[in-house]
J.: 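Submitted below is the structure of interest, expressed as structure tokens.
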Amino acid sequence: MRQLLKYLRPYKKESVLAPLFKLLEATLELFVPLVMTAIIDRGIADKDDSYILWMGVVLFGLAAVGMTVSITAQYFAARAAVGFANDVKHAMFVHITKLSSKSVDRIGSSTLINRMTNDINQVSSGVNLFLRLFLRSPFIVLGAMVMAFTIDIKAAFIFVGVIPVLALIVGGCLYLTIPLYKNVQEQLDRVLSRTRENLTGVRVLRAFRRREAEKECFDRETGVLYERQSRVGRIAAWMNPLTLLVVNLAILLLIYVAGVRVEIGDLTQGQVVALVNYMSQILVELVKLANLILNINRALACANRIQEVFDLPEDGADAAEEVRRPEDGTDAAEEVRRPEDAGEQGGIVCRNLHFTYPEASEEVLEGISFSVEEGETLGIIGGTGAGKSTILALLLKFYEGERGELSVLGRRMAEWGRKEIRDRIGFVPQKSVLFAGTIRENMLIGRADASDEEITKALKTAQAEEFVVQKGGLDALVSASGANFSGGQRQRLCIARALLRNPRILLLDDSFSALDVATEAKLRTGLSEYFSGTRTTMVIVSQRIASVRQADRILVMDDGVMAGYGTHEELLAGCEVYREIHRIGGGS
């Protein structure tokens, strides 16, 4: 939580004024029993109606001022808490977008969503309660005890005995419940993860008739969450009745002791009422204080989870980017958008590359070596799980190779900044990703300053112009995840988006899988024409030989190792794995 307090600094004024106004409200409350004492002992006892009326006006004034002060305190506390939560959410979102793939894989996307929403809301609630009660409640408890001593010392010793007992009850409940809140949040992560999987994979579940089985799994997970929350609730539920019991017993004892002292003339009836009111105030404030401590500890548990996300390493600017920052004050981003001006030459060279995913026990890539000159095309083919997409992930610097050498455009990958290399790459992922908005907005993700003519040219090359026109042109709406387009249409839109970058390297990760043979052939021809005469290097990952047979070089992968490397004819002659793929695919 301490690291997150920096996001509360812009709200220093609100953070100071909120508790100060609450202190003022508490001070006014402490005077109310004294006014009641005066009404009883003087107004009622002397039958002085004008004095009673005057004291009533004083009570009304105290209530009006107290309400105004309380509303003001609530406003400042809410402003600070909401502003704090907003700043933390913004900073956390920015940080998440910069996280390395290794970090995202380790913590999980569902957990990140939970921590960015539920956990931040819990912390915001804790900040709000803290600003309103952390001074008020202790002040009233101690103030009520002090005021009791000003009325009668002997009766006030009952307060001295009751407060430690109440503190013991509250402390015991907190000691038992605080460790359980972390378990509740962890189980909530699992429930959200299960929910996310079910929602994203709902079509698969329906196709395989797994809905009932998933309902049972979901019921089990929510049942565990219910049990953990119930366990915390059962323990916390004892706090209020126990504190009420102790305070009411103390009030009975107070009335008994005070009654005796009234009989002998040491106390007045108004003073007894004041003592009872002070005891009631202590009860109310201790309950508030206990709830505050519970919420604060829940907020602290959530704050620690939030801080764990901030502690994850970013996939952001590294040393290579800092070294290459222009000295003339121009924007580095503008420079990397013009790779032709940098005089970079070369294609892709890989020598004896090894890689293992985080938390994995075996290498995914073992001794991979290949090279492709600039302007050429490299095809990568192999079965599912062979390591094809992993090679593209390393080229995009999502991960770092462990051993071996990987060079791009004449520089070792270690020398490239992540932003630098990605600004030179056009990437079409295995799963086509579109965003809610219009077709034009989705295309401009590829290059923000692209004109409509350039977008139309890219769509035409990607064989997407026809259905875009049918949908209504570039202003046609795209629903979330592109659900209003077919799989093949989404793939072609993603290819067009990558083409708009005018990349030095184009990575196509199984990007023709949803296309029919005729459309794929037209698309390959269009790509050849689009990059004709340029220095763009293409890497095409596929499971179909038809997609890679025209490539200048083909890399055959089999369970993380190289099974062959060469042209289509060379591999047919000398690579058994390639021949088997060719035979099973019927040459396509």
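Sequential numbering from 1 along the given sequence is applied to the chain's residues. Since we're looking at a predicted model, the values are computed, not measured.
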J.: Under the rule for side-chain hydrogen bond (donor to acceptor under 3.5 Å, both in side chains), what residues qualify as partners of Thr519, not counting sequence neighbours?
T.: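 Only Asp516 meet the side-chain hydrogen bond (donor to acceptor under 3.5 Å, both in side chains) criterion with Thr519.
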J.: Who pairs with Val82 by side chain to side chain contact (heavy atoms under 4.5 Å, CB included), at least two apart in sequence or on another chain?
T.: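 Result, side chain to side chain contact (heavy atoms under 4.5 Å, CB included) vs Val82: none returned.
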J.: Any chance you could measure Leu499, atom CG, to Cys494, atom SG, to the nearest 0.5 Å?
T.: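 Spacing of CG (Leu499) from SG (Cys494) equals 11.0 Å.
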J.: Hey, are Asn86 and Tyr7 close enough side-chain-wise for a donor-acceptor pair under 3.5 Å?
T.: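 No, no side-chain donor-acceptor pair sits under 3.5 Å.
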J.: Judged by atom type as modelled, is there a donor-acceptor pair below 3.5 Å linking the side chain of Asn128 to the main-chain atoms of Ser124?
T.: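 Pair absent, no side-chain N/O of Asn128 close to backbone of Ser124.
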J.: Just by distance, do the side chain of Arg422 and the backbone of Leu396 share a donor-acceptor pair under 3.5 Å?
T.: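 The answer is yes, because a donor-acceptor pair under 3.5 Å joins these two groups.
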J.: Measuring only between side-chain heavy atoms, which start at C-beta, is Thr356 closer than 4.5 Å to Glu362?
T.: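 No, every pair of side-chain atoms sits at 4.5 Å or beyond.
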J.: Tell me whether Thr438 contacts the main-chain N or O of Glu441 through its side chain, where contact means a donor paired with an acceptor under 3.5 Å.
T.: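 Yes, because the side chain of Thr438 sits within donor-acceptor range (under 3.5 Å) of the backbone of Glu441.
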J.: Run the side chain to side chain contact (heavy atoms under 4.5 Å, CB included) test against Glu466 and tell me which residues pass, sequence neighbours left out.
T.: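 Partners of Glu466 by the side chain to side chain contact (heavy atoms under 4.5 Å, CB included) criterion, ordered by chain and then number, come out as Gln470.
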J.: When you measure from the side chain of Ser481 to the backbone N and O of Ala483, does any donor-acceptor pair fall under 3.5 Å?
T.: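 No, the answer is negative, given that no donor and acceptor are paired below the 3.5 Å cut-off.
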J.: Mind running side chain to side chain contact (heavy atoms under 4.5 Å, CB included) on Leu378 and Ile540 for me, showing each step along the way?
T.: CA-CA 6 Å; Leu378 171 69; Ile540 302 175; over 6 Å; no
J.: Answer yes when Arg447 and Asp449 have at least one side-chain N-carboxylate O distance shorter than 4.0 Å, and no when they do not.
T.: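 Looking at Arg447 and Asp449, the cut-off is met.
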J.: Just wondering, do Ile425 and Arg504 contact through their side chains at under 4.5 Å, heavy atoms?
T.: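 Side-chain contact under 4.5 Å: no.
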J.: Provide the closest heavy-atom pair for Pro503 versus Thr536 in the form atom of the first, atom of the second, distance.
T.: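 That closest heavy-atom pairing would be O-OG1, 2.7 Å.
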J.: Between atom CD1 of Ile120 and atom CD1 of Ile306, what is the distance when rounded to the nearest 0.5 Å?
T.: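 The distance works out to 4.5 Å.
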J.: Are Ile380 and Val548 packed together at the side-chain level, in the sense that at least one heavy-atom pair is separated by less than 4.5 angstrom?
T.: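 The answer is no, as the side chains (C-beta and beyond) never meet within the 4.5 Å cut-off.
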J.: Would you name the heavy atoms of Asp558 and Ala563 that are closest together and state the gap between them?
T.: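 That would be CB-CB, 3.9 Å.
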J.: Excluding sequence neighbours, so at least two apart, what forms side chain to side chain contact (heavy atoms under 4.5 Å, CB included) with Tyr357?
T.: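 Residues passing side chain to side chain contact (heavy atoms under 4.5 Å, CB included) with Tyr357: Phe355, Ala360, Val364, Thr390, Tyr399.
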J.: Are the side chains of Val428 and Gln491 in contact, using a 4.5 Å heavy-atom criterion?
T.: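 In short, these two side chains do not touch, never coming nearer than 4.5 Å.
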J.: Apply the test side chain to side chain contact (heavy atoms under 4.5 Å, CB included) to residues Leu395 and Leu507: give CA-CA distance (whole Å), side-chain angles for both, the deciding distance (0.1 Å), then the verdict.
T.: CA-CA 9 Å; Leu395 289 172; Leu507 306 180; 3.9 Å; yes
J.: Quick check on side chain to side chain contact (heavy atoms under 4.5 Å, CB included): which of Val478, Asn442, Leu459 does Leu493 satisfy it with?
T.: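 Of the listed options, the one satisfying the test is Leu459.
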J.: With sequence neighbours left out, write down each residue that passes salt bridge (charged side-chain N to carboxylate O under 4.0 Å, His left out) with Arg524, or none if nothing qualifies.
T.: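 Partners of Arg524 by the salt bridge (charged side-chain N to carboxylate O under 4.0 Å, His left out) criterion, ordered by chain and then number, come out as Glu520.
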J.: For Gln489, enumerate each residue passing the side chain to side chain contact (heavy atoms under 4.5 Å, CB included) test, keeping only those at least two apart in sequence or located in another chain.
T.: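 Testing Gln489 for side chain to side chain contact (heavy atoms under 4.5 Å, CB included), a comparison that skips the adjacent residues, returns Phe467, Lys471, Phe485, Ser486, Arg492.
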J.: For Met443 and Leu500, which heavy atoms make the closest approach, and how far apart are they?
T.: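 Smallest interatomic distance, heavy atoms only, reads O-CD1, 3.3 Å.
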J.: Would you say the side-chain atoms of Ser15 pair up with the backbone N or O of Tyr11, donor to acceptor, closer than 3.5 Å?
T.: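 Looks like yes, one N/O pair under 3.5 Å.
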J.: Could you state the interatomic distance from OG1 (Thr117) to CE (Met92), rounded to the nearest 0.5 Å?
T.: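 Thr117 OG1 to Met92 CE: 8.5 Å, rounded to 0.5 Å.
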J.: Show the nearest heavy-atom pair for residues Cys302 and Val123, with the distance to one decimal.
T.: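 For Cys302 versus Val123, the nearest heavy atoms are CB-CG2, 3.9 Å.
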J.: Verify the distance criterion only: is there a donor paired with an acceptor across the side chains of His354 and Glu366 at less than 3.5 Å?
T.: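 No, because no side-chain N or O of His354 sits under 3.5 Å from a partner of the opposite role on Glu366.
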J.: For Lys397 and Trp416, indicate whether the former's side chain and the latter's backbone hold a donor-acceptor pair under 3.5 Å.
T.: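 Yes, Lys397 side chain to Trp416 backbone: donor-acceptor pair under 3.5 Å.
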J.: Taking side chain as C-beta onward, heavy atoms only, is Phe427 less than 4.5 Å from Leu508?
T.: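 With C-beta onward as the side chain, the pair stays apart.
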J.: Quick check for you: to the nearest 0.5 Å, what is the distance between Glu465 atom CD and Thr456 atom OG1?
T.: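 Result: 6.5 Å between the selected atoms.
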J.: Walk me through whether Ile391 and Val541 qualify under side chain to side chain contact (heavy atoms under 4.5 Å, CB included).
T.: CA-CA 10 Å; Ile391 295 175; Val541 168; over 6 Å; no
J.: Between the side chain of Arg544 and the main-chain N/O of Phe512, is any donor-acceptor distance below 3.5 Å?
T.: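 Looks like yes, one N/O pair under 3.5 Å.
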J.: Within a radius of less than 6.0 Å around NZ of Lys522, do more than 12 heavy atoms belonging to other residues, nucleotides or ligands occur?
T.: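 No - once you tally the heavy atoms of other residues, nucleotides and ligands closer than 6.0 Å, there are 12 at most.
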J.: Counting heavy atoms not belonging to Asp559, are there more than 12 under 6.0 Å from its CG?
T.: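 No - once you tally the heavy atoms of other residues, nucleotides and ligands closer than 6.0 Å, there are 12 at most.
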J.: What is the minimum heavy-atom distance between Arg490 and Gly482, and which atoms define it?
T.: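 Shortest heavy-atom contact: NH1-O, 3.2 Å.
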J.: So, the side chain of Arg228 versus the backbone of Asn183: is there a donor-acceptor pair under 3.5 Å, distance only?
T.: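 Yes: the side chain of Arg228 pairs with the backbone of Asn183.
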J.: What residues form a salt bridge (charged side-chain N to carboxylate O under 4.0 Å, His left out) with Arg234, not counting sequence neighbours?
T.: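 Salt bridge (charged side-chain N to carboxylate O under 4.0 Å, His left out) check on Arg234 returns Glu227.
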J.: How long is the gap from CD on Glu363 to CD1 on Ile368, to the nearest 0.5 Å?
T.: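 Reported value, rounded in 0.5 Å steps: 9.5 Å.
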J.: So, do Val372 and Thr377 sit near enough that their side-chain heavy atoms are less than 4.5 Å apart?
T.: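 Side-chain contact under 4.5 Å: no.
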J.: Hey, could you give me the OG/CD distance between Ser513 and Gln543, rounded to the nearest 0.5 Å?
T.: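 So the OG of Ser513 and the CD of Gln543 are separated by 8.5 Å.
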J.: Would you kindly check if the NZ (Lys) or CZ (Arg) of Lys457 is within the cone defined by 45 degrees around the ring axis of Tyr530 and under 6.0 Å from the six-membered ring centre?
T.: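 Lys457 over Tyr530 ring: yes.
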J.: What's the shortest heavy-atom distance between Leu394 and Glu400, and which atoms?
T.: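 So the minimum-distance heavy-atom pair works out to CD2-C, 4.0 Å.
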J.: Report the residues that fulfil side-chain hydrogen bond (donor to acceptor under 3.5 Å, both in side chains) with Ser389, sequence neighbours left out, ordered by chain and then residue number.
T.: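 Expected list: Asp509.
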J.: Can you sort out the partners of Gln430 under side-chain hydrogen bond (donor to acceptor under 3.5 Å, both in side chains), two or more places apart, ordered by chain and number?
T.: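 For Gln430 there are no side-chain hydrogen bond (donor to acceptor under 3.5 Å, both in side chains) partners, ignoring immediate neighbours.
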J.: For residues 207-219, which side-chain donor-acceptor pairs fall under 3.5 Å, sequence neighbours excluded?
T.:
from, atom 1, to, atom 2, distance (Å)
Glu214, OE1, Arg194, NH1, 3.0

J.: When you measure from the side chain of Asn484 to the backbone of Ser479, do you find a donor-acceptor pair of N or O atoms at a distance under 3.5 Å?
T.: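 Yes, Asn484 side chain to Ser479 backbone: donor-acceptor pair under 3.5 Å.
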J.: Short question: side chain of Lys388, backbone of Gly382 - any donor-acceptor pair under 3.5 Å?
T.: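 At least one qualifying donor-acceptor pair exists.
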J.: Please collect all ring pair (Phe, Tyr, Trp, His ring centres under 6.0 Å) contacts where either partner lies in residues 92-124, sequence neighbours excluded, each pair once.
T.: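 Counting only pairs at least two positions apart or across chains, the ring pair (Phe, Tyr, Trp, His ring centres under 6.0 Å) contacts touching residues 92-124 are His95-Phe310.
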J.: With a 4.5 Å cut-off on side-chain heavy atoms, are Leu506 and Phe531 touching?
T.: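 When only atoms from C-beta onward are counted, Leu506 and Phe531 do touch, with a gap below 4.5 Å.
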J.: Partners of Asp475 by salt bridge (charged side-chain N to carboxylate O under 4.0 Å, His left out), sequence neighbours excluded?
T.: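 Asp475 satisfies salt bridge (charged side-chain N to carboxylate O under 4.0 Å, His left out) with Arg440 only.
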J.: Given side chains that start at C-beta, do those of Ile381 and Leu555 come closer than 4.5 Å, heavy atoms only?
T.: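 Contact flag for Ile381/Leu555 side chains = no.
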J.: May I ask you to say whether Arg305 pairs ionically with Glu308, meaning some side-chain N is under 4.0 Å from a carboxylate O?
T.: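 Glu308 and Arg305: not salt-bridged.
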